[in-house]
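In what follows, every heavy atom counts, from backbone to side chain, and hydrogens, waters and symmetry copies are set aside. A quick note: this is a predicted structure, and the numbers were derived from the prediction, not measured.
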Amino acid sequence: MFTDRRLTEAYKNAKVEYFDDDSKYVFMSDVHRGDGSLSDEFTRNRDIYLYALQHYYRNDYTYVEAGDGDEMLEYSNFEHTKNAHPAVYDTIKKFFDEDRLVKIYGNHDIFLKYPSYVKKNYYTNYDEYNEVFFDFLKGLEPVEALVLKHRDTGQEILTVHGHQGDAPNDQFWRLTMLSLNIFGDFFMHLVSAILLVQ
């Protein structure tokens, strides 16, 4: 629904970043980091993801998280997600501190399109051990789209998450979030009950 229009709009408003033949970028999407609970599917892949992320950090790549890095439709309290995966967020912060992080929002972390949400949830974090707040990703500005433009040739590469124009995940995302919260919990409880019976 309105896919051409939404993609054109995303392209026109995209963050433009110039690259050349020596530039190094790594793109990852749909990581879906959750709160560390049993329903957090990211925990099964956390170690391999972290290993890869640290490799790209050490080798001077720019990390483009191309949407749905954080699972916000299922886990609304982002504080729990940050605290569930400290090593992952420490590595992401290293990219950010060196201006090597581009965060694109998708349909599952669409709250990132709102600067007030980003400021409240990403600018600081709380160290539970030392009971102090510290700067986290202060100044983070997530984008809907990124255009990489070659310095010499002018060739452009458009990166979006890809939900643009898909009605349930774009125009009606709030309804999708509500149904995930209602029916997702129901099915998780059903599966748990079945496993307990066996």
Side-chain angles (χ1 to χ4, degrees), residues 2-3 6-17 25-36 40-42 45-46 49-50 53 56 62-86 88-126 133-148 158-181 184:
F2 312 118
T3 304
R6 287 287 292 113
L7 286 173
T8 300
E9 179 183 288
Y11 171 75
K12 287 180 179 176
N13 297 315
K15 170 188 173 87
V16 177
E17 193 159 306
Y25 287 84
V26 58
F27 295 77
M28 293 189 202
S29 73
D30 295 283
V31 178
H32 293 276
R33 291 178 293 266
D35 66 0
D40 179 5
E41 296 176 7
F42 171 68
N45 301 307
R46 177 176 52 205
Y49 168 80
L50 181 58
L53 202 61
Y56 291 119
T62 294
Y63 175 42
V64 179
E65 194 160 79
D68 293 357
D70 299 310
E71 177 53 68
M72 296 175 179
L73 296 189
E74 292 183 51
Y75 309 103
S76 58
N77 190 335
F78 184 61
E79 196 68 31
H80 295 163
T81 300
K82 284 190 290 191
N83 290 326
H85 311 293
V88 167
Y89 286 107
D90 286 348
T91 305
I92 289 172
K93 181 168 172 33
K94 288 179 183 177
F95 279 100
F96 177 78
D97 288 345
E98 296 181 17
D99 199 26
R100 292 196 281 138
L101 173 69
V102 178
K103 195 157 176 60
I104 297 171
Y105 57 82
N107 54 307
H108 281 247
D109 56 4
I110 201 161
F111 291 119
L112 295 178
K113 74 190 282 186
Y114 302 108
S116 59
Y117 181 90
V118 175
K119 185 175 183 179
K120 178 182 175 187
N121 291 281
Y122 284 81
Y123 280 23
T124 59
N125 200 3
Y126 184 66
F133 284 94
F134 62 93
D135 284 349
F136 180 46
L137 303 181
K138 192 170 190 176
L140 177 69
E141 296 180 7
V143 295
E144 182 179 18
L146 170 70
V147 169
L148 290 174
L158 171 66
T159 303
V160 295
H161 180 64
H163 64 282
Q164 287 80 1
D166 177 56
N169 293 307
D170 192 10
Q171 291 88 9
F172 306 119
W173 67 268
R174 286 183 176 88
L175 185 61
T176 301
M177 179 180 72
L178 181 63
S179 60
L180 267 175
N181 286 326

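- Considering only residues two or more places apart in sequence or on other chains, Tyr49 meets the side chain to side chain donor-acceptor pair (under 3.5 Å) condition with Arg33, Tyr63, Glu65.
- In this structure, Tyr123 OH and Asp135 CG are separated by 11.0 Å, a value rounded to the nearest 0.5 Å.
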Check: side chain to side chain contact (heavy atoms under 4.5 Å, CB included) between Ile92 and Leu101: does it pass, once the steps are laid out?
Finding: CA-CA 8 Å; Ile92 289 172; Leu101 173 69; 4.0 Å; yes

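- For Phe27, the CZ atom sits in a packed shell: over 12 heavy atoms of surrounding residues, nucleotides or ligands are nearer than 6.0 Å.
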Next item on the list: Any chance you could lay out the side chain to side chain contact (heavy atoms under 4.5 Å, CB included) test for Thr81 and Tyr89, step after step, and finish with the verdict?
Entry: CA-CA 10 Å; Thr81 300; Tyr89 286 107; 3.3 Å; yes

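- A search for side chain to side chain donor-acceptor pair (under 3.5 Å) contacts involving Asn121 returns nothing, not counting sequence neighbours.
- One distance of note links CG of Leu112 with CD of Glu141; it measures 12.5 Å at 0.5 Å rounding.
- Every side-chain contact (heavy atoms from CB on, under 4.5 Å) that Asn83 has, sequence neighbours left out, goes to Glu79, Asn125, Glu128.
- For Tyr75 (side chain) and Asp40 (main-chain N/O), a donor-acceptor pair under 3.5 Å exists by modelled atom type.
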Next item on the list: Please report the C-alpha distance between Val143 and Lys113 in whole Å, then the side-chain angles of each, then the deciding distance to 0.1 Å, and finally whether the side chain to side chain contact (heavy atoms under 4.5 Å, CB included) criterion is met.
Entry: CA-CA 7 Å; Val143 295; Lys113 74 190 282 186; over 6 Å; no

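- Counting heavy atoms from C-beta on, the side chains of Val147 and Lys15 never come closer than 4.5 Å.
- Between Ala10 and Ala145, the shortest heavy-atom contact is O-CB, 3.4 Å.
- Look at Asp90 and Lys82 and you find no salt bridge, because none of the NZ, NE, NH1 or NH2 atoms lies under 4.0 Å from a carboxylate O.
- Between Met72 atom CE and His32 atom NE2 the span is 11.5 Å, to the nearest 0.5 Å.
- Heavy-atom neighbours of Glu98 CD from other residues, nucleotides or ligands within 6.0 Å: above the threshold of 12.
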Checklist line | ring pair (Phe, Tyr, Trp, His ring centres under 6.0 Å) between His85 and Phe42, worked out | finding: CA-CA 10 Å; His85 311 293; Phe42 171 68; 4.9 Å; yes

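- Nearest heavy atom pair, residue Glu144 against residue Ile104, reads O-CG2, 3.3 Å.
- Side-chain atoms of Glu9 never come within 3.5 Å of backbone atoms of Tyr11 as a donor-acceptor pair (strictly under, hydrogens ignored).
- Asp109 places a side-chain N or O within 3.5 Å of a backbone atom of Asp68 that can act as its donor or acceptor partner.
- Among all heavy-atom pairs drawn from Ala66 and Ser29, the shortest one is O-CB, 3.4 Å.
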Check: Given Phe78 and Tyr122, is the ring pair (Phe, Tyr, Trp, His ring centres under 6.0 Å) satisfied, shown in steps?
Finding: CA-CA 9 Å; Phe78 184 61; Tyr122 284 81; 4.4 Å; yes

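- In summary, of the residues considered (His161, Glu71, His108), a side chain to side chain contact (heavy atoms under 4.5 Å, CB included) with Asp30 occurs for His161 alone.
- No side-chain heavy atom of Val26 sits less than 4.5 Å from a side-chain heavy atom of Val64.
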Notebook entry, point to check: What do the steps show when you test Leu146 against Glu17 for side chain to side chain contact (heavy atoms under 4.5 Å, CB included), and what is the final call?
Noted result: CA-CA 7 Å; Leu146 170 70; Glu17 193 159 306; 4.0 Å; yes

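- Here the straight-line distance linking atom CZ of Phe136 with atom OG1 of Thr124 works out to 9.5 Å at 0.5 Å rounding.
- Taking the ring centroids of Tyr126 and Phe134, they lie at or beyond the 6.0 Å cut-off.
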